[in-house]
Student: 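This is the structure I want to talk about, given as structure tokens.
Numbered from 1 within each chain, the chains take letters A, B, ... in sequence-line order.
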Amino acid sequence: MKVIIAEKPSVAREIARVFGANTKKNGYIEGKGFTFTWAFGHLLQLAAPQEYGYYGWNIQNLPMLPPKFKLSIRKVKTKDGVVDDPSVKKQLDVIKSLFDEATEIIVATDAGREGELIFRYIYYYLKCKKPFKRLWISSQTDEAIKEGFRNLKPGSDYDTLFNSAHCRSQSDWLVGMNATQALSLSSGNRAVLSLGRVQTPTLAMICSRFIENRNFVPQTYYQVSIHPDKDGQVFKAISTENYATKEEAEAVFNQVQDVEGGFPQGGHVLQVEAKPRKEPPPLLHDLSSLQQEANKRKGFTADQTLSILQNLYESKLVTYPRTGSRYIGDDVFAGVPALIEKQELHPLFGKQAQALAGAKLSKRSVNAKKVTDHHAILPTGETPNHLSPDHQAVFDMVAGRMLEAFHQDCIKEITKITMQSGAKFIASGTVIHTAGWRAVFNDKEDDKKDEENATLPKVTQGENLPVTAKAILEKQTKPKPLYNEASLLKALETAGKEIDDEELRYAMKDSGLGTPATRAAIIETLLKRNYIIREKKNLVPTQTGLGVYEVVKNQQIAQAELTGNWEKRLEEIRSGASVTEFQEEIKTYTRAITSELLNLGKALNIPVAEATSKTNA
DNA sequence: GCAAGGTC
């Protein structure tokens, strides 16, 4: 009997369906001589410190460098403390008995580093010795699955991928566990002060932005505005220059040749520019872009959006949500017209779905090369009913974005009128000619400047217009805004783009900090530690968060570069480089950061009222 | 009491 193991039930079901297997058992599906089972993501994790004999939190144990890592069943918190997750234990038993009977295992976990790790941890934990082959596909259409099975790879082809995954996992453990205990203990052991490769640079970003924002001194500057009149249609033009003092602005103001000042035609049209601009439709959503949109539109946290999406996914209304790709392959694209048709009765944008029927669809989001483990989020075509308002809102963002993404360009005309009236003034305006994809939600543009005219009258170069009013505008320079969930998610995604070292920048270019599946959890961790709080929509550091930041801000653990560095080395390991060399470097770094923090932490004063309790964290 | 990674 051949056993196929997938990363999650939905994938196992898809593969079983393609094979025509449909006998549902407890924890697996059977048929056609195959057995299809699944994990639930990582079932196993690196064991906690006490399982290597490092009891309690004790400086004597530091740095903890287990000679050999152990695996343990994923834990869950209950009122009786932390225990093995019973559903995981049960599924592992199922997998064990299937592996025991198997002649061959086919590994169908996601095609990536973590997918490989999920299987190997199970395989080694169960001490399984059966031969295994690897299914490596990045799309789960019937054809892709069949093609993948015709092209199964030898399991050992992925040994180096497993090595890199295992190294990632061990390194995060070594650095995270040791740094956390070192800082917590040296600062008086009154609170859990966690540190990690991803959470600490994230905290640093929030803190440094907060401090920059707090220390920002706004500068007042002045502009002059005039209101020219073209046959009764009045518009607004702003001085091309900003003035540092009110006096300078007043001088310009006084030079304006307005009607009241005795100039009936004192506004001279120097130049008229009208450029049509095509605005292509937005890409389909990946998890992060959807979390950002839901945060902007509805104020949902990253965690809420992920949880709502998981529900929609389990109800088979949307495709796999934890994707980092905003593209689909040609095979999925072939099904898009049918998906669009399904939205024709939608109360909000059914009309737009009808308009798209038979139209030529934009292929901007179609690019098989940019589909990684999973493609962009799409509705499945199932019709939802009785969704809660929040679920409906998220579903609509998915379905609406699909309509936008395959819609035509939005065509605008951007007009700029340059005027002379004592000084130079510019009026700008944007007119939408063809709404295209913007018709779906009919939102006004988010980046609309406040001084922009909705529409501008037709004027010609050389024309003279009466200036009916003028004013001095007092304005202030603004600091970079504090992070909110949307801007932080974006910043995590693009983290590393400004790294000077070209190799490190390259190593991070497709990843950023964290992964789509974990970013919401990282934000929640910082909240749970009382490092940050939500203040309206903003994420603001607490005294504790700022204190930790001050202590570690110059350390590698607080820099996004650390991830870039690791990614570069992990990629080398995947292509065959030495594992032990990297492991030794990590051990060396662990010793260094641990002793550094044991010193630095002494200077840290955690406000007791703010600190998370040690026992109830 | 601790990381980051995956998922129900």
Student: Roughly, in whole Å, what's the span from CD in A:Glu114 to P in B:dA3?
Tutor: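 In whole Å, B:dA3 P lies 16 Å from A:Glu114 CD.
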
Student: Tell me: CG of A:Leu44 to C1' of B:dT7, nearest whole Å?
Tutor: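 Roughly 13 Å, once rounded to whole Å.
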
Student: Nearest to the A:Arg322 side chain among B:dC2, B:dG5, B:dC8, which nucleotide is it?
Tutor: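 Closest nucleotide to the A:Arg322 side chain: B:dC8.
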
Student: Base, sugar-phosphate, or nothing: which does A:Gln50 touch, judged by heavy atoms less than 4.0 Å apart?
Tutor: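 Result for A:Gln50 = base.
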
Student: Consider the side chain of A:Thr518, meaning its heavy atoms from C-beta on, and name the nucleotide among B:dG1, B:dC2, B:dG5 that approaches it most closely.
Tutor: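 Minimum distance to the A:Thr518 side chain belongs to B:dG5.
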
Student: Mind checking A:Leu195 for me? I need base, sugar-phosphate or nothing, with any heavy atom below 4.0 Å counting as a touch.
Tutor: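 Sugar-phosphate: the residue A:Leu195, judged by heavy atoms under 4.0 Å, touches backbone atoms but no base.
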
Student: NA contact type, A:Tyr121, heavy-atom cut-off 4.0 Å: base, sugar-phosphate, or nothing?
Tutor: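 Contact class for A:Tyr121: none.
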
Student: What's the closest nucleotide to the side chain of A:Val198 if the choices are B:dG1, B:dT7, B:dA4?
Tutor: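 Output: B:dA4.
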
Student: Of the candidate nucleotides B:dC8, B:dG1, B:dC2, which contains the atom at the shortest distance from the side chain of A:Ser184?
Tutor: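 Of the options given, the side chain of A:Ser184 lies nearest B:dG1.
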
Student: Please state how far atom CG in A:Asp303 lies from atom P in B:dT7, giving the value in whole angstrom units.
Tutor: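 From A:Asp303 CG to B:dT7 P: 15 Å.
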
Student: Any base atoms under 4.0 Å from A:Gly115, or only sugar-phosphate, or nothing? Heavy atoms, all strands.
Tutor: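 Touches nothing.
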
Student: For residues A:Arg574 and A:Thr160, report the shortest heavy-atom separation together with the two atoms involved.
Tutor: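 Heavy atoms only, the tightest pair is O-OG1, 2.6 Å.
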
Student: On the nucleotide B:dC2, are OP1 or OP2 found under 4.0 Å from the side-chain N or O atoms that A:Arg197 carries?
Tutor: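 Checking B:dC2 against A:Arg197, no side-chain N or O comes under 4.0 Å of OP1 or OP2.
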
Student: Walk me through whether A:Glu571 and A:Lys568 qualify under salt bridge (Lys or Arg N to Asp or Glu O under 4.0 Å).
Tutor: CA-CA 5 Å; A:Glu571 178 51 30; A:Lys568 176 171 164 266; over 6 Å; no

Student: Would you give me the side-chain donor-acceptor pairs under 3.5 Å for residues 593-601 of chain A, sequence neighbours excluded?
Tutor:
{"from": "A:Thr594", "atom 1": "OG1", "to": "A:Thr590", "atom 2": "O", "distance (Å)": "2.5"}
{"from": "A:Ser595", "atom 1": "OG", "to": "A:Ala592", "atom 2": "O", "distance (Å)": "3.3"}
{"from": "A:Asn599", "atom 1": "OD1", "to": "A:Lys602", "atom 2": "NZ", "distance (Å)": "3.2"}

Student: Can you tell which of B:dA3, B:dC8, B:dT7 lies closest to the side chain of A:Glu7?
Tutor: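 So the side chain of A:Glu7 is nearest to B:dT7.
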
Student: Pick base, sugar-phosphate or nothing for A:Pro9, based on heavy-atom distances below 4.0 Å to the nucleic acid.
Tutor: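 A:Pro9: backbone/sugar contact only, no base atoms under 4.0 Å.
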
Student: Starting the side chain at C-beta, find the nucleotide from B:dC2, B:dC8, B:dG5 nearest to A:Thr515.
Tutor: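 Closest nucleotide to the A:Thr515 side chain: B:dG5.
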
Student: Please assess A:Ser325 against A:Thr323 for the test side chain to side chain donor-acceptor pair (under 3.5 Å), listing each intermediate value before the final yes or no.
Tutor: CA-CA 6 Å; A:Ser325 174; A:Thr323 174; 5.1 Å; no

Student: Please report, rounded to the nearest Å, how far the C1' atom of B:dC8 is from the CZ atom of A:Arg13.
Tutor: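 Roughly 11 Å, once rounded to whole Å.
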
Student: Given B:dG1, B:dT7, B:dA3, which nucleotide is nearest the side-chain atoms of A:Thr180?
Tutor: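 It is B:dA3.
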
Student: From the list B:dA4, B:dC8, B:dC2, which nucleotide is the closest neighbour of the side chain of A:Lys8?
Tutor: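 Output: B:dC8.
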
Student: Select from A:Thr200 and A:Ser10 the residue whose nearest nucleotide in DNA chain B is closer to the 5' end of that strand.
Tutor: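 Result of the comparison: A:Thr200.
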
Student: To check you understand the geometry: which heavy-atom pair defines the closest contact between A:Arg505 and A:Lys497, and what is its length?
Tutor: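 The answer is CD-O, 3.2 Å.
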
Student: Within the structure, does a side-chain N or O atom of A:Arg168 lie under 4.0 Å from either OP1 or OP2 of B:dA3?
Tutor: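 Negative; the distance criterion is not met.
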
Student: Side chains of residues 547-558 of chain A: which donor-acceptor pairs under 3.5 Å do they make with residues two or more places apart or in other chains?
Tutor:
{"from": "A:Glu550", "atom 1": "OE1", "to": "A:Lys553", "atom 2": "NZ", "distance (Å)": "2.9"}

Student: Check the distance between B:dC8's P and A:Asn26's CG and give it to me in whole angstrom.
Tutor: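 In whole Å, B:dC8 P and A:Asn26 CG are 17 Å from each other.
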
Student: Roughly, in whole Å, what's the span from CG in A:Asn58 to P in B:dC2?
Tutor: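 Going from A:Asn58 (CG) to B:dC2 (P), I get 18 Å.
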
Student: Going by ring centres under 5.5 Å and near-parallel planes (under 30°), is A:Trp173 stacked on B:dA4?
Tutor: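 No; by the centre-distance and plane-angle rule, A:Trp173 does not count as stacking on B:dA4.
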
Student: Does the side chain of A:Gln181 get closer than 4.0 angstrom to OP1 or OP2 of B:dC2 through an N or O atom?
Tutor: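 Answer no for this pair, as no side-chain N or O of A:Gln181 is under 4.0 Å from OP1 or OP2.
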
Student: Taking only side-chain nitrogens and oxygens of A:Ser194, does any of them come within less than 4.0 Å of OP1 or OP2 of B:dC2?
Tutor: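 Checking B:dC2 against A:Ser194, no side-chain N or O comes under 4.0 Å of OP1 or OP2.
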
Student: Grab the CG-C1' distance between A:Asn178 and B:dC2 for me, whole Å please.
Tutor: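 So the CG-C1' distance, A:Asn178 to B:dC2, works out to 10 Å.
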
Student: Take A:Val88 and A:Ala47, find for each the nucleotide of DNA chain B with the closest heavy atom, and name the residue whose nucleotide sits nearer the 5' end.
Tutor: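 The residue closer to the strand's 5' end, by nearest nucleotide, is A:Ala47.
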
Student: Would you indicate, yes or no, if B:dG5 has its OP1 or OP2 atom less than 4.0 angstrom from a side-chain nitrogen or oxygen of A:Gln45?
Tutor: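 So the side-chain polar atoms of A:Gln45 never come under 4.0 Å of the phosphate oxygens OP1 or OP2 of B:dG5.
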
Student: How long is the line joining CG of A:Leu570 and P of B:dA4, in whole Å?
Tutor: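 Interatomic distance, CG of A:Leu570 to P of B:dA4: 15 Å.
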
Student: Please state whether the phosphate of B:dA3, meaning OP1 or OP2, lies under 4.0 angstrom from any side-chain nitrogen or oxygen of A:Lys75.
Tutor: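 Answer no for this pair, as no side-chain N or O of A:Lys75 is under 4.0 Å from OP1 or OP2.
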
Student: Any side-chain donor paired with an acceptor under 3.5 Å for A:Ser288 and A:Glu493?
Tutor: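 Judged by distance alone, the side chains do pair up.
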
Student: Would you indicate, yes or no, if B:dA4 has its OP1 or OP2 atom less than 4.0 angstrom from a side-chain nitrogen or oxygen of A:Arg519?
Tutor: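 Result: no.
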
Student: With respect to the side chain of A:Tyr320, which nucleotide from B:dG5, B:dC2, B:dT7 is positioned closest?
Tutor: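 Among B:dG5, B:dC2, B:dT7, the one nearest the side chain of A:Tyr320 is B:dT7.
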
Student: Among the nucleotides B:dA4, B:dT7, B:dC2, which one has an atom lying closest to any side-chain atom of A:Asp110?
Tutor: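 From the listed options, B:dT7 comes nearest.
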
